[in-house]
Each structure stands twice: as structure tokens, then as C-alpha cells.
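Note sheet for the following structure.
Reminder, nothing fancy here: chain letters follow the sequence lines and each chain counts from 1.
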2 protein chains.
Amino acid sequence: MSTRSRRSTEADVVAAQIRASGARATPARIRVLQLLRAAPAALTHHDIEQALGDAMLDRVTLYRVLDWLVESGLAHKNADASRVFRFSLAAPGEHTAHAHFRCDDCGKVYCLDDAPPPPPALPQGFQLARMDVDLRGRCATCAEARA
Amino acid sequence: MSTRSRRSTEADVVAAQIRASGARATPARIRVLQLLRAAPAALTHHDIEQALGDAMLDRVTLYRVLDWLVESGLAHKNADASRVFRFSLAAPGEHTAHAHFRCDDCGKVYCLDDAPPPPPALPQGFQLARMDVDLRGRCATCAEARA
DNA sequence: CAGCACCTGCAACATGGTTGCATGTGCAAC
DNA sequence: GTTGCACATGCAACCATGTTGCAGGTGCTG
């Protein structure tokens with residue numbers, strides 16, 4: 001089946017990427033990395049568990065896979081506004097600044113990739129590695145619904 | 001004693017503010033609100049417990065006081081990078097944008113109040129209420145230690 | 001195909017936050 | 001000043017998220 005060979009191929013690519021980072025290409029890692037690659041936004045541990053569905057792996061294993069992803073620089077880990085960690089693929093260079101807009105009404109989070117704000121001035125000697133901008137207010141939909 | 005009357009006066013002001021919001025002026029609320037007013041930065045639940053010292057109140061009561069402060073618009077609640085909530089006085093307008101720098105090495109957090117970055121462009125119809133900027137990298141001390 | 005290092009799963013734990021319920025107290029009416 | 005009631009507090013138990021230790025399984029290399 002074409003579906004199956006497509007899947008295999010993609011998994012192979014991912015597996016190669018994993019091995020390139022000096023680790024073992026295990027099903028757990030392959031699946032999680034594939035998921036993160038396909039995700040349009042940062043995922044929580046819970047999101048991933050859900051997405052894995054029947055192919056679920058142990059809670060702890062998932063935490064460890066995610067930690068390993070972060071350690072090896074393949075992913076980023078962020079605490080979101082409701083104090084749960086979110087994981088997203090590490091961008092290869094360009095994605096160091098990221099802006100989110102969270103609607104106080106509907107709770108939806110929007111990614112504002114197109115508007116990378118300039119980093120503010122830092123004190124002498126500080127080295128900036130990453131920047132996250134967290135905006136809050138009302139999104140267009142909710143603002144209109146309320147008008 | 002002058003200390004005592006000074007204390008009373010300040011507490012009175014705070015109590016009045018509390019009552020103005022339609023709630024009871026209880027010792028717990030007065031103390032917490034006074035603390036937040038005096039704090040230069042956002043405090044965690046733990047910070048507040050420490051600061052209260054001998055005048056400590058119950059964990060749960062503190063949570064409820066803080067929630068009430070947020071509900072009544074007197075304070076803001078934010079999850080910081082290590083996924084604990086931080087509380088700060090609601091600013092009357094000027095303090096809506098806030099920038100933090102967290103050092104990946106030593107974990108210390110610096111407040112960059114002096115450099116309020118301009119808010120990025122938002123999509124049509126979005127209403128911005130508050131903005132937090134989370135910068136990461138190495139602080140001057142750690143950068144030097146590593147050089 | 002054998003061995004070892006690394007990975008996984010389970011169970012127990014830690015921390016931060018929340019809920020239910022009985023008791024206490026600020027405040028206002030008298 | 002006393003009384004009453006609604007609201008606030010304290011306690012204990014609970015929940016969710018994340019972490020640690022350890023025994024057993026498995027990808028990789030030789």
C-alpha cells in the first residue's frame with residue numbers, strides 16, 4: 001500500500017535525524033518527533049498523549065523523550081500561561097523570536113510569526129538566545145462578538 | 001507610637017481600596033495587598049508565604065486571596081518559565097508591557113522595566129490588553145564566567 | 001547472534017494548585 | 001452594644017503535572 005510505504009519513508013527520515021544526533025531510533029522517539037513535525041503549534045504533554053491514541057506510550061517515557069528532544073536541541077520547552085509545558089520543534093536558526101497572542105475570552109492562542117518584534121535593549125554583556133512574546137487581549141472574533 | 005499609626009494609616013488606605021471593590025477588608029487581604037504594593041516585581045505564592053513570616057496564613061486562604069485579587073482586577077496572574085504562578089499589582093495603565101530576562105545558566109530572572117519594547121503589529125480587529133516579553137540567554141555574569 | 005548500553009515501563013514520590021465542609025468574623029441592622 | 005448572616009478562613013483531602021529509582025527489554029555494533 002502506498003500509505004504504508006509513505007509512512008515508512010517518513011519514519012526513516014526521522015530515524016536518520018535521530019541517529020544523527022547520536023541516540024537510538026526507537027519507536028517512541030520516532031512517533032513523537034513525527035508528531036511534533038506535523039504540529040502547527042506547540043503541543044502539551046497531554047496533546048501528545050491524545051494524538052498518540054492507541055499507540056500510546058508510558059507517561060514517563062513521553063516525558064523522557066521530550067526532555068531528550070530538548071537536551072539534544074531538537075525541540076523547545078516552554079511553560080504556557082496555564083503553567084503547563086509546551087513543546088515545539090526547534091527551528092533551525094530563524095525562529096528564535098516567537099510571538100503568541102492569547103485571547104482572554106476564548107483562550108485560543110494565535111501564532112504571530114509574521115511580526116517578529118525587535119528585541120529590546122539588553123544590559124551590557126547579556127547574550128540573547130531566545131525570545132518569546134506573550135500578548136493578551138481579545139481576538140478579532142471575540143471582540144466582534146462583544147461589540 | 002508613630003510606627004503604629006503609620007501602619008494603621010497605610011492599612012486603612014488599603015482596606016478602603018478593598019471595600020471599594022465590594023469585599024470585606026480582612027487582615028489576610030490587607031496584608032497581601034500591602035505586600036504586593038511594596039513588591040518591586042511579581043511574587044510567587046511561595047514568596048508571599050515567606051514574606052508574611054510569622055503572620056502566615058493558610059496556603060489555601062492565600063490562594064483564595066490571590067484569586068480574589070485577580071477576579072476583582074487588582075492583580076495579574078502569570079505562569080512564569082518554571083511553571084509557577086506569579087502575581088503582581090494590576091498597573092493603572094502604564095505597566096501593561098513587561099520584559100524579563102532569564103539566564104539559562106544560573107536561572108536568575110532580571111526585570112527590564114526600562115526597556116519597554118513596542119508591541120508588534122496585530123491582525124485586524126485584535127485588542128491588546130497586556131504584553132509580556134520573555135527573553136532567555138546568558139546574563140553578563142555567567143557569560144563572563146564562561147569566556 | 002551475543003552483549004552491552006541505552007531505552008522503556010512501572011511504581012512511588014514531589015510540588016503546586018484546587019475543592020468541600022465546618023467554623024470564625026467583618027460588617028451592618030437594630 | 002448585641003445579634004445575625006453572609007462571606008472569609010482553616011483544615012484535610014484531593015487532583016494534575018512533572019520527576020526519580022529500579023528492574024527488565026531492545027536497538028545497535030561487533
- prompt: When you check the side-chain N and O atoms of B:Q17 and B:R29, is any donor under 3.5 Å from an acceptor?
  reply: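 There is no such pair (donor and acceptor under 3.5 Å, judged by atom type) between the side chains of B:Q17 and B:R29.
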- prompt: For D:dA8, does either OP1 or OP2 sit under 4.0 Å from a side-chain N or O belonging to B:R29?
  reply: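 Result: yes.
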query: Hey, is the side chain of A:Y63 poking within less than 4.0 Å of OP1 or OP2 on D:dG18, counting only N and O atoms?
result: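 So the side chain of A:Y63 is within the cut-off, an N or O lying under 4.0 Å from OP1 or OP2 of D:dG18.
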query: Bend across the helix from C:dC1-D:dG30 to C:dC30-D:dG1, to 10°, with axes taken over 5 pairs at each end?
result: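 End-to-end axis angle for the helix from C:dC1-D:dG30 to C:dC30-D:dG1: 30°, rounded to 10°.
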- request: State whether the number of non-hydrogen atoms from other residues, nucleotides or ligands found under 6.0 Å of A:E49 atom CD is greater than 12.
  value: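 Count over threshold, so yes.
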[X] [atom1] to [N] [atom2]: how many Å, rounded?
{"X": "A:L52", "N": "C:dG9", "atom1": "CG", "atom2": "C1'", "value": "15 Å"}
{"X": "A:L66", "N": "C:dT8", "atom1": "CG", "atom2": "P", "value": "11 Å"}
{"X": "B:L62", "N": "D:dC11", "atom1": "CG", "atom2": "C1'", "value": "15 Å"}
{"X": "B:D67", "N": "D:dT9", "atom1": "CG", "atom2": "C1'", "value": "15 Å"}
{"X": "B:D58", "N": "C:dT18", "atom1": "CG", "atom2": "P", "value": "14 Å"}
{"X": "B:H46", "N": "C:dG17", "atom1": "NE2", "atom2": "P", "value": "11 Å"}
{"X": "A:D47", "N": "D:dG18", "atom1": "CG", "atom2": "P", "value": "11 Å"}
{"X": "A:L57", "N": "C:dC7", "atom1": "CG", "atom2": "C1'", "value": "12 Å"}

Within this structure, what is the [atom1]-[atom2] distance for the pair [X] and [Y], rounded to the nearest 0.5 Å?
{"X": "B:R83", "Y": "A:R83", "atom1": "CZ", "atom2": "CZ", "result": "4.5 Å"}
{"X": "B:I48", "Y": "B:R86", "atom1": "CD1", "atom2": "CZ", "result": "10.5 Å"}
{"X": "A:N78", "Y": "A:T44", "atom1": "CG", "atom2": "OG1", "result": "13.0 Å"}
{"X": "B:L74", "Y": "B:L36", "atom1": "CG", "atom2": "CG", "result": "9.5 Å"}
{"X": "B:F85", "Y": "B:L43", "atom1": "CZ", "atom2": "CG", "result": "15.0 Å"}
{"X": "B:K77", "Y": "B:S88", "atom1": "NZ", "atom2": "OG", "result": "12.5 Å"}

message: One thing to verify: whether A:D58 and A:R64 come together as a salt bridge, which I'm taking to mean a side-chain N less than 4.0 angstrom from a carboxylate O.
response: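 No.
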Interface polar pairs with nucleotides 20-22 of chain C, N/O, under 3.5 angstrom:
{"from": "C:dG20", "atom 1": "O6", "to": "B:R64", "atom 2": "NH2", "distance (Å)": "3.2"}

- prompt: Is there a donor-acceptor pair under 3.5 Å between the side chain of A:T61 and the backbone N or O of A:L57?
  reply: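 Such a contact is absent between A:T61 side chain and A:L57 backbone.
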field: Ring centers of A:Y63, A:H45 separated by less than 6.0 Å
entry: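 Yes: the rings meet the under 6.0 Å criterion.
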query: Under 3.5 Å, is there an N or O donor on one side and an acceptor on the other linking the side chain of A:R59 and the base of D:dG18?
result: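 Present.
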Report, one pair per line, the protein and nucleotides 28-30 of chain D atoms (nitrogen or oxygen only) whose separation is under 3.5 Å.
{"from": "D:dC28", "atom 1": "OP1", "to": "A:R19", "atom 2": "NE", "distance (Å)": "3.0"}
{"from": "D:dC28", "atom 1": "OP1", "to": "A:A25", "atom 2": "N", "distance (Å)": "3.0"}

